[in-house]
Structure formats: C-alpha cells, structure tokens
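Chain naming here is simple, since letters A, B, ... match the order of the sequence lines and numbering starts at 1 in each.
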There are 2 protein chains.
Amino acid sequence: MVNKAEWTTSTAIWSTRVSLARMDNKWTAMVVIALGRGARRFGELRTKVEGISAKVLTETLRSLERDGLVVRHVHAEMPPRVEYELTELGRTLHAPLQAIGRWAEEHAEEVLTARAAYDTGR
Amino acid sequence: MVNKAEWTTSTAIWSTRVSLARMDNKWTAMVVIALGRGARRFGELRTKVEGISAKVLTETLRSLERDGLVVRHVHAEMPPRVEYELTELGRTLHAPLQAIGRWAEEHAEEVLTARAAYDTGR
DNA sequence: CAGTATCCTTGCGGATACTG
DNA sequence: CAGTATCCGCAAGGATACTG
C-alpha cells in the first residue's frame, strides 16, 4: 500500500499510525498475544503476562476495548467471571505481533551476545 | 517453536524475550522500519521518524547498535556524514515490524471509528 | 551535519489497600 | 474473582543551547 514514492512524502501519516498500533504501551503487545493464544479470563491473563499489575492490565484491556480490538464478556455470577476475546480486528493484529514474539524467541541469544560484546569491547 | 503445551508453562521466558524485541522503546520500531526502507543518514532518519528528538534518536540508535541490529559508519569528511545500516540480524526483525506498520496503515480508520464510538456511546 | 550536555516535566506503572 | 482507588517514584524523553 505504501510504495517508495509515497513513503518519501507521507512520513507524518504512518508515524501516527504506527503509534496507533499501540507500540507505545509496554504491555499491549503481550496482552494481545496472550489473548490470541487462548487466555481469556482476567486472572489467567494476569499470570500469563508475567509481571503486569492488576491496575495496568485493566488499563491495557480498557484501551484495547476502546480501540475495538477486544470485547469484554461479563458473566453475572458469584464469584464474578469476566472473559476477554479478540475481535475480528484484534485477530488481524495478532498474527504480526506473534511474528515479533517468535522473532524474540529465536534471536534472544544473538542479541544478548551482541550486547555483551558491545559492553565488554568498548 | 513454542507450541501450546510449552506456552502453558514457559511464560516467564518469553515475556523477557518479547521485551528484548524492544517493544519497550516508543521509537525503536519506527527507526528500524525507516532503516529498512532505505533511510541511512542521521538527519534523514530524524525527518522520516517524525517527532523524534536528536537526543532520543541518538539513544535509540546506540541501543540498536549495542544489540547488534544496526551498524554505524562514520565518514571522515567535513561536514561529517554518518550512515546507519541494519545488520543481518536487524533485517530479520525488519520484516515482522514492517508487517505491524502495514497493519497500522490498513486499520487506522477502523481503530479511530471504534474509539469514537466508545467515547460517544458510554 | 551530527551529534552532546543540561535541565526539567510528564505520566507510566509499581505498591498497597480496599470492594461488589 | 475481578477489579477500584490512591499515592508516588523514577526514568523516558522534550526543549534548549552548544560543539567538533
């Protein structure tokens, strides 16, 4: 969609849009990946996405809901049960994000090595 | 590489690794995308990645260099010319990141619409 | 041109306590 | 269980001025 020529002149546009992809939030990507992999309940997400606090998870889910990437299902029970689900739109984002996750898995070692070399060397 | 079963038990590992993918830095993804698309000089990146300050661009490039994703070429000239280039490793990250960028391009409208609906509705 | 050097503000997000 | 409500520290990163 964006060719070389367009790219040359429409920088402002996509810089805004990439931020729309929510790269700005530290946790968003991981929450979406977790949801795509089948985690649904609040507590489930809380443990899957290791290190996230309840407060931040709530905020993250709310903003994903606001952006139409996630739907929230509240079951009127006691104790309460709430399930989150990726929307159609959310699922389209899941694939590319998962690719990033996979990249991290596969190249973590290399990054660590490079980092150590950089720190030792100079 | 990570199947459903592994995923269930190895959460801690990949949460660390995803952060290694540098999702934490607000600008990293955009800098890598810009580099992959051919931007090379400091000033060029500065204008392509709209809104980034010189300070932050420098820091971002340094950390990418440290992680072995980018190499820095200094040309001993006056005025100085410095070119940045994705390494082999950096190029492997470029593809998935570009996919995210493309997603943002394609779905920005939907997100904006959902957001407006959410804000108006409730 | 390609950075450094400082200063300073903002807000992310951690910790903790409480509730329907 | 699934959140809210507060309080608050700290570091990301913006603004500005200067340099090899």
Presence of salt bridge, [Y] and [X], under 4.0 angstrom:
X: B:K48; Y: B:E50; answer: no
X: B:R91; Y: B:E88; answer: yes
X: B:E83; Y: B:R81; answer: yes

If we ignore hydrogens and angles and just use 3.5 Å, is the side chain of [X] paired with the main-chain N or O of [Y] as donor and acceptor?
X: B:E44; Y: B:R40; answer: yes
X: A:D67; Y: A:L69; answer: no
X: B:T87; Y: B:G68; answer: yes
X: A:R46; Y: A:I52; answer: yes

Tell me the bend of the helix from C:dC1-D:dG20 to C:dG20-D:dC1 as the angle between end helix axes, each from five pairs, rounded to the nearest 10 degrees. 60°

What does A:R41 touch in the nucleic acid at a heavy-atom separation under 4.0 angstrom: a base, only the sugar-phosphate, or nothing? sugar-phosphate

Range on DNA chain D touched by chain B - first to last nucleotide, heavy-atom distance under 4.0 Å: D:dG13 to D:dG20

What's the shortest heavy-atom distance between A:L35 and A:E85, and which atoms? CD2-N, 4.5 Å

Of the non-hydrogen atoms in A:T92 and A:P96, which two are nearest, and what is the gap between them? O-CD, 3.2 Å

Value in whole Å for how far the [atom2] atom of [N] lies from [atom1] of [X]:
X: A:E59; N: C:dA15; atom1: CD; atom2: P; result: 14 Å
X: A:M30; N: C:dG13; atom1: CE; atom2: P; result: 12 Å
X: A:R46; N: C:dG14; atom1: CZ; atom2: C1'; result: 11 Å
X: A:I52; N: C:dA15; atom1: CD1; atom2: P; result: 13 Å

Residue closer to the 5' end of DNA chain D, A:K55 versus A:R81 (nearest nucleotide): A:R81

For A:V56 and B:R62, find the nucleotide of DNA chain C closest to each by heavy atoms; which residue's nucleotide sits nearer the 5' end? B:R62

With hydrophobic residues grouped by side-chain heavy-atom distances under 4.5 Å, do B:L93 and A:L112 end up in a single group? yes

Give, ordered by number, those residues of residues 67-80 of chain A having at least one heavy-atom distance below 4.0 Å to an atom of DNA chain D; if nothing qualifies, reply none. A:R72, A:P79, A:P80

Check the pair A:F42, A:L61 against side-chain contact (heavy atoms from CB on, under 4.5 Å), reporting the backbone distance first and the verdict last. CA-CA 9 Å; A:F42 187 86; A:L61 287 168; 4.0 Å; yes

